[in-house]
Amino acid sequence: MELLAVLEERGMVYQKTGTGGLGKFLEDRPRVFYAGFDATAESLHLGHLVPLMTAAHMQRAGHRPLILVGGATALVGDPSFRNTERPLLSQDDVERYAEALRTQMTRFLDFGPGGAVLLNNARWLMDLNYIDFLLHVGRHFSVNRMLTVDSVKARLETGLSFLEFNYMLLQSFDFLHLYRTWNCELQLGGADQWGNIVAGTDLVRRVEGAEVYGITCPLVTTSTGEKMSKSQPGGAVWLDPKLTSPYRYYQFWINSDDRDLGKFLRLYTFLPMDTIRELESDTGAGLRRGKEILALEATAIAHGRKEAEAARDASRALFLGEGGLEGVPSFEVSGDRVGRGMTLVDLFVESGLCPSRGEVRRLAEQGGLYTDGKRVTDPGEPVTLESLAGDGLILRAGKKRHCRAVLAAD
RNA sequence: GGCGAGGUUCCCGAGUGGCUAAAGGGGGCAGACUGUAAAUCUGUUGGCGAACGCCUACGGUGGUUCGAAUCCACCCCUCGCCA
């Protein structure tokens with residue numbers, strides 16, 4: 001099956017350039033393509049996953065990914081559908097973020113010899129000469145046309161600085177530069193990148209007379225309308241295990257809406273379509289089987305098989321009462337701390353399960369606090385050494401937040 | 001640069017001297033119901049404290065007042081119209 005057809009079947013293609021030439025282009029021979037990621041945070045999150053998975057499919061099909069970190073463009077800020085300018089980042093921040101992103105991406109892409117390459121556009125953008133740039137790049141852009149691009153039009157109402165207005169030119173120049181230096185012929189991006197990508201393919205055609213391509217991935221939303229990127233219950237879901245534990249990552253997937261199961265299996269796992277069709281054909285509670293597989297596979301891709309299985313086992317233990325609790329995130333309490341006097345309120349706050357003492361009391365009043373499966377009626381109850389001994393005490397706040405409090409080793 | 005409108009708690013948005021930790025909505029959280037789903041209903045939603053209470057919060061800084069989100073002065077920022 002053709003790569004493009006595979007991507008389309010999985011729902012990974014939102015828009016594409018060219019009129020039919022793209023399919024053949026991807027089959028003819030291995031190509032070099034690029035996908036840009038702005039290094040504006042220290043971790044990727046769920047919103048970055050689709051382009052990343054798409055890139056992974058493409059690499060598996062023999063193409064070579066260039067991962068572009070926008071060290072320079074992050075300073076400018078992409079105006080695409082955003083309503084505020086971004087805070088300024090220092091070069092140090094960008095470099096730190098870039099390294100973090102690469103680490104996370106190695107789970108998805110092979111950065112070995114001949115494989116994916118990480119590039120920072122600060123390399124070629126920071127020292128541009130303004131007049132040169134205007135003469136060689138700026139001349140190819142029509143302001144009239146730029147104003148008709150959706151992402152710009154959307155910002156015309158709230159305002160858009162000249163700085164941000166230039167973003168499109170810089171991103172287009174990236175494409176031109178990568179075409180020249182790496183023979184990069186395709187750019188992959190999120191749906192919001194369409195305008196920037198098309199501007200890039202146009203620029204390469206005008207300057208180099210070459211036909212290059214662009215693909216955008218859909219902006220995925222859940223069935224309840226939430227963007228994957230932000231505002232998930234309990235905060236954003238990050239790929240960095242320090243920010244979102246593999247257990248919580250697994251839990252995110254298993255808690256997905258019934259209606260999203262098929263879509264998510266296609267987008268976020270490498271399972272063959274036959275398997276996916278079978279899993280999504282279940283009904284009612286039977287869909288839970290598919291969700292467990294979704295959660296296991298998606299977690300395995302992001303954190304490795306071992307972590308994923310531990311997360312699954314912990315989930316089974318907590319929710320179904322089967323098996324061991326090794327994978328449940330644990331939290332160490334020193335015996336000394338207990339000795340100084342510690343109540344359940346302290347314990348829940350210090351474990352990170354609850355943000356404040358008031359919150360613990362509120363939860364207790366509403367009947368949402370548990371220790372070892374028993375509802376807590378008095379959060380002021382002292383914590384004893386015995387209760388933490390051995391396997392520790394399983395803390396639970398609400399239906400789904402768990403943590404295991406254990407006594408520190410020393 | 002001129003004129004006009006505005007900056008309120010996570011978001012939107014009411015509030016024009018004390019009854020205001022601040023209406024209402026959204027979102028979040030919890031409980032019930034369930035399948036760790038959806039929908040629905042109920043409760044809850046700044047921090048510390050067992051509690052009288054204390055602290056922090058209405059763009060910023062000063063001021064008026066027994067008392068200010070609310071009045072005054074200056075400053076910063078956003079939006080609109082004009083130049």
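Note that this is a predicted model, so its numbers are computed, not measured. Each chain gets a letter, A, B and so on, in the order the sequences are listed, and its residues count up from 1.
- To the nearest angstrom, C1' of B/A37 lies 11 Å from CD1 of A/Ile254.
- Going from atom NZ of A/Lys399 over to atom C1' of B/G28 covers 18 Å, rounded to whole Å.
- Between A/Glu8 and A/Lys16 there is a salt bridge, since at least one side-chain N of the basic residue sits less than 4.0 Å from a carboxylate O of the acidic one.
- Distance alone, capped at 3.5 Å, places no donor-acceptor pair between the A/His177 side chain and the A/Phe173 backbone.
- Across all strands, A/Gly284 comes closer than 4.0 Å to base atoms (heavy-atom distances).
- When atom types are taken as modelled, the side chain of A/Asp240 and the backbone of A/Ser43 share no donor-acceptor pair closer than 3.5 angstrom.
- Comparing the same atom, P, in B/G35 and in B/G26 gives a spacing of 28 Å after rounding to whole Å.
- Pair assignment for B/C58: none, as no Watson-Crick or G-U wobble contacts are both less than 3.5 Å.
- For A/Asp258, whose side chain is taken as the heavy atoms from C-beta onward, the closest listed nucleotide among B/G35, B/A32, B/C29 is B/G35.
- As rounded to the nearest Å, B/A38 and B/C52 have P atoms that lie 38 Å from one another.
- Rounded to whole Å, the C1' atom of B/U16 lies 9 Å from the corresponding atom of B/A69.
- B/C71 and B/G17 are spaced 8 Å apart, taking the P atom of each and rounding to whole Å.
- Taking the ring centre of A/Phe331 as origin, the terminal cationic atom of A/Arg404 falls outside the region bounded by 6.0 Å and 45° from the ring axis.
- For the P atoms, the distance from B/G25 to B/U44 is 13 Å, rounded to whole Å.
- One C1' atom belongs to B/C58, the other to B/C12, and the distance between them is 15 Å to the nearest Å.
- With B/A32, B/A37, B/U36 as the choices, the nucleotide that has an atom nearest any side-chain atom of A/Arg288 turns out to be B/U36.
- As rounded to whole Å, 9 Å separates atom C1' of B/A38 from atom NZ of A/Lys291.
- When the nucleotides B/G35, B/C29, B/A38 are ranked by their closest atom to the side chain of A/Arg401, B/C29 comes out on top.
- Between the P atoms of B/A5 and B/U9, the separation comes to 22 Å (whole Å).
- In this structure, B/G49 makes no Watson-Crick or G-U wobble pair, since no nucleotide meets both defining distances under 3.5 angstrom.
- Judged by distance alone, the side chain of A/Glu381 and the main-chain N or O of A/Thr343 form no donor-acceptor pair under 3.5 Å.
- Nucleotides B/U34 and B/C54 have their C1' atoms positioned 44 Å apart, rounded to a whole Å.
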**OP:** For nucleotides 46-56 of chain B, just jot down a letter per nucleotide in 5' to 3' order: B, S or -, based on protein non-hydrogen atoms under 4.0 Å.
**Re:** -SSSS------
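- Atoms CZ (A/Phe348) and P (B/C29) sit 17 Å apart, rounded to a whole Å.
- Tested against A/Phe175 for a ring pair (Phe, Tyr, Trp, His ring centres under 6.0 Å), the candidates A/Phe33, A/Tyr213, A/Tyr34 yield a single pass: A/Tyr34.
- Under the 6.0 Å distance and 45° angle rule, A/Arg60 counts as a cation-pi partner of A/Phe270.
- Taking the six-membered ring where the residue is Trp, A/Phe264 and A/Tyr268 present perpendicular rings, their angle passing 60° and hence far from 30°.
- Note: NZ (A/Lys263) to P (B/A37) measures 19 Å, nearest angstrom.
- Using N1 to N3 plus N6-O4 or O6-N4 for Watson-Crick, or N1-O2 and O6-N3 for G-U wobble, each under 3.5 Å, B/G18 pairs with B/C66.
- Mapped onto RNA chain B by nearest heavy atom, A/Asn255 and A/Gly367 fall at different nucleotides, with A/Gly367 at the one closer to the 5' end.
- Here B/A30 presents its P atom at 7 Å from CG of A/Leu363, a figure rounded to the nearest Å.
- Within the shown strands, nothing qualifies as a pairing partner of B/G35 under the Watson-Crick or G-U definition with both distances less than 3.5 Å.
- Per the geometry, CZ belonging to A/Arg375 stands 7 Å off C1' belonging to B/G31, to the nearest Å.
- Base pairing analysis places B/G1 opposite B/C82; the two distances defining the Watson-Crick or G-U wobble pair are each below 3.5 Å.
- If A/Ser315 and A/Leu369 are placed on RNA chain B by their nearest nucleotide, the residue sitting closer to the 5' end is A/Leu369.
- Remark: P of B/G35 and CG of A/Leu294 are 21 Å apart, rounded to the nearest angstrom.
- Under the Watson-Crick or G-U wobble criterion, with both distances below 3.5 Å, B/U9 has no partner in any strand shown.
- Remark: A/Thr103 OG1 to A/Met105 CE distance equals 10.0 Å, nearest 0.5 Å.
- Nucleotide B/A30 forms a Watson-Crick or G-U wobble pair with B/U42, both donor-acceptor distances falling under 3.5 Å.
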